[in-house]
Asks: 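Quick one: this structure, given as structure tokens, is what I'll be asking you about.
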Number of protein chains: 2
Amino acid sequence: MLESLYLNLGQHDALSDAEKALLAGAMTFERHFATGQDIVASGSRPTYSTLILDGLAARYKVLENGGRQFTSLQVPGDFVDLHAFLLKTMDHGIVALSPCHVMFADHARLRAITEQAPHLTRLLWLDTLVDGAIHREWIVAMGRRSKTSHLAHLVCELFVRLQVVQRTNGMSFHLPLSQAEMADVLGLSVVHMNRVIGALRKVGVVSWANHTVTILDWHKLREIAEFDPTYLSMTREPR
Amino acid sequence: MLESLYLNLGQHDALSDAEKALLAGAMTFERHFATGQDIVASGSRPTYSTLILDGLAARYKVLENGGRQFTSLQVPGDFVDLHAFLLKTMDHGIVALSPCHVMFADHARLRAITEQAPHLTRLLWLDTLVDGAIHREWIVAMGRRSKTSHLAHLVCELFVRLQVVQRTNGMSFHLPLSQAEMADVLGLSVVHMNRVIGALRKVGVVSWANHTVTILDWHKLREIAEFDPTYLSMTREPR
DNA sequence: AAGCGGGTGCAACAAATGTTAATGCCTATC
DNA sequence: GATAGGCATTAACATTTGTTGCACCCGCTT
């Protein structure tokens, strides 16, 4: 059941059986969310953190004018709100972008892990640090990349992250977002999002239909994106 | 000497004298950096983390076309690269935006803190989580705010953060960035950066000259920015 | 079968933003 | 006190991005 979490945390450093047991012990109940449902509400003060077992979710904020911006995409094996364990108050919401199967980790038990299991604590901390590294990469993409490059970068990132948790199929992966939702990821209008996807298609690096993205030319895609996966910390070393 | 760090960490939860001593004990030597110097190089694998005692620094990435994007601004009391303690490899550089006085915390001693001082460990973890929260707010600003609102939001954020570490002077603070550097924060051209600063001046909410920003109308500025400081976690509560 | 709704795709035009270039004001330096 | 360089500011023009509106397709319901 927690295989994705073990794959996710275990990509950075070895995870012992005892540590896996501690993680499993922190888990409480499971739940399913339908597409579009809020998994965590902005402003709430959760007493548990949410692990995605299956499905795709996103963090988002909404402005007064109604504009929505996604600040991250979360794949299976990700804690969507591990930060709330210490930040306490959610300053953003989390929405299910597909049917989501999740499991809740109790904050009191996470706290016990920080008291008794330093190495596992560091791995959980690291998980949130990688989150931050992804945020920084998104900031760079939004500020200084062309929109085509930004989208290419996102495709590279998602492919690599999904590969870690074994959610890719050859060079394809499932991406259930509508173009309107993609626009809220890149910070564009729907019309322009459509243009940018068209541009990536036109140069022949991806096919994109029926919510399935297939990378046709990884080398060229990576070049357009200037994608360097260093920020994902995928090397296994002592932490 | 470490007063800014204590103020920064202590804003989220009480910091005991024993914890202050542990932090002080993790520190090694100090150093000064001149404006424009790299404090940490991209791609390096530091064995210590850098605390800013005084001055302003920024994280940045540079793209192949020469474009630079700052991903954060760091004020006194901030660890600029605490994440490198666990991420190991720097995927971005850190540059001094003013003369910087810094002090280095040894990673081996930070690791000892994670083994022996769970509460302090959580506070350090929290510090990196607030970093992430700021990143998310920047993503929203870049994606969905008007440029004027983005700049207003940045001014609000910097004012509040500098106030915590007692670097404000009434409603003014020192901001040593040139407009070209500001453009690399907001992801704009220099010319447009100038237009946006002009727009904020024109509505009379700030004066901005000689690297000094003065907030003339906090209420209105906050309104333009839709600034809500929740994401900075400035409430003191058990963590 | 007809109608509805959501999503994609596209065209025409409007607005925002980038580029290039010029001007003027400082300050450091010789 | 002359000069050069960095920076802020503005203008004119080019490019990118947003807005509005519509056509089309597909799955679903009536």
Side-chain angles (χ1 to χ4, degrees), chain A residues 34-37 56 63 65-69 95-99 140-152 154 174-203 206-214 224, chain B residues 34-37 56 63 65-69 95-99 141-152 154-155 174-203 206-214 224:
Chain A
T35 303
Q37 255 190 307
L56 198 67
L63 300 183
N65 65 15
R68 175 175 67 170
Q69 176 69 46
V95 64
L97 296 175
S98 75
V140 173
M142 302 193 82
R144 287 300 184 215
R145 290 186 201 279
S146 72
K147 302 307 172 184
T148 310
S149 174
H150 186 175
L151 179 59
L154 183 71
H174 183 63
L175 189 61
L177 305 221
S178 70
Q179 294 191 359
E181 288 167 323
M182 286 299 300
D184 285 344
V185 174
L186 293 252
L188 301 176
S189 66
V190 186
V191 172
H192 202 60
M193 189 70 249
N194 182 272
R195 290 180 187 128
V196 173
I197 292 175
L200 259 203
R201 280 201 190 106
K202 194 172 177 186
V203 293
V206 299
S207 81
W208 192 319
N210 296 321
H211 293 160
T212 298
V213 176
T214 304
I224 293 171
Chain B
T35 304
Q37 256 191 306
L56 198 67
L63 300 183
N65 65 15
R68 175 174 68 168
Q69 176 69 47
V95 64
L97 296 175
S98 75
M142 302 192 82
R144 287 297 185 217
R145 289 187 202 278
S146 73
K147 303 308 173 182
T148 310
S149 174
H150 184 174
L151 178 59
L154 183 71
V155 170
H174 183 63
L175 188 61
L177 306 220
S178 69
Q179 293 192 2
E181 289 167 323
M182 286 299 301
D184 286 343
V185 174
L186 294 252
L188 300 177
S189 66
V190 185
V191 172
H192 202 60
M193 189 69 249
N194 182 271
R195 290 178 187 129
V196 174
I197 292 175
L200 260 204
R201 280 199 190 109
K202 194 171 176 187
V203 292
V206 299
S207 80
W208 191 321
N210 297 321
H211 294 160
T212 299
V213 176
T214 304
I224 292 171

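In the text below, chain A, chain B and the rest are named by the order of the sequence lines, each starting its count at 1.
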Asks: Can you tell me the distance, in whole Å, between the CG atom of B/D184 and the C1' atom of C/dG18?
Replies: 14 Å
Asks: List the atom of B/H150, the atom of B/A141, and the distance in Å for their closest heavy-atom pair.
Replies: CD2-CB, 3.4 Å
Asks: Need two values: the first and the last nucleotide of DNA chain D, 5' to 3', having an atom under 4.0 Å from any heavy-atom of chain A.
Replies: D/dT17 to D/dT20
Asks: In whole angstroms, how far is the C1' atom of C/dG18 from the CZ atom of A/R145?
Replies: 19 Å
Asks: Can you list every pair that meets salt bridge (charged side-chain N to carboxylate O under 4.0 Å, His left out) and has a residue in residues 186-195 of chain A, with sequence neighbours left out?
Replies: none
Asks: I'd like a table of atom pairs between the protein and nucleotides 10-14 of chain C - only N or O on both sides, under 3.5 Å - with the distance next to each one.
Replies:
from   : atom 1 : to     : atom 2 : distance (Å)
C/dA12 : N6     : A/R195 : NH2    : 3.2

Asks: Taking atom P of C/dT17 as reference, at what distance in whole Å does atom CE of A/M142 sit?
Replies: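 About 13 Å, once rounded to whole Å.
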Asks: What is the nucleic acid contact for B/I197, judged by heavy atoms within less than 4.0 Å: base, sugar-phosphate only, or nothing?
Replies: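 Here B/I197 touches no strand at all.
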Asks: Can you list everything that forms a side chain to side chain contact (heavy atoms under 4.5 Å, CB included) with B/A180? Sequence neighbours excluded, please.
Replies: B/S178, B/V190
Asks: Rounded to whole angstroms, how far apart are CD on A/E181 and P on C/dG7?
Replies: 7 Å
Asks: Using a 4.5 Å cut-off on heavy atoms from C-beta on, say whether the side chain of A/K147 contacts that of A/M193.
Replies: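 Contact flag for A/M193/A/K147 side chains = no.
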Asks: B/A152: what forms a side chain to side chain contact (heavy atoms under 4.5 Å, CB included) with it, not counting sequence neighbours?
Replies: B/L200, B/L221, B/I224, B/A225
Asks: A/T214: what forms a side-chain hydrogen bond (donor to acceptor under 3.5 Å, both in side chains) with it, not counting sequence neighbours?
Replies: A/S172
Asks: Within this structure, what is the CG-to-C1' distance between B/L188 and C/dG18, rounded to whole angstrom?
Replies: 10 Å
Asks: On DNA chain C, compare the nucleotides closest to A/H211 and B/G187; which residue's is nearer the 5' end?
Replies: A/H211
Asks: From C/dG9, C/dG7, C/dT17, pick the nucleotide closest to the side chain of B/H192?
Replies: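 Of C/dG9, C/dG7, C/dT17, C/dT17 is nearest to the side chain of B/H192.
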Asks: Just to verify, what does B/P176 make a side chain to side chain contact (heavy atoms under 4.5 Å, CB included) with, not counting sequence neighbours?
Replies: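 Expected list: B/L56, B/S98, B/H174.
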Asks: Which heavy atom in A/L188 sits nearest to a heavy atom in B/R144, and how many Å separate them?
Replies: O-NH2, 2.9 Å
Asks: Going by the rule side-chain hydrogen bond (donor to acceptor under 3.5 Å, both in side chains), which residues pair with B/N194 if we only count those two or more places apart in sequence or in a different chain?
Replies: B/Q179
Asks: I need the CG-P distance between A/L177 and C/dG7, as an integer number of Å.
Replies: 12 Å
Asks: Would you mind classifying the nucleic acid contact of A/S189 as base, sugar-phosphate or nothing, using non-hydrogen atoms under 4.0 angstrom?
Replies: base
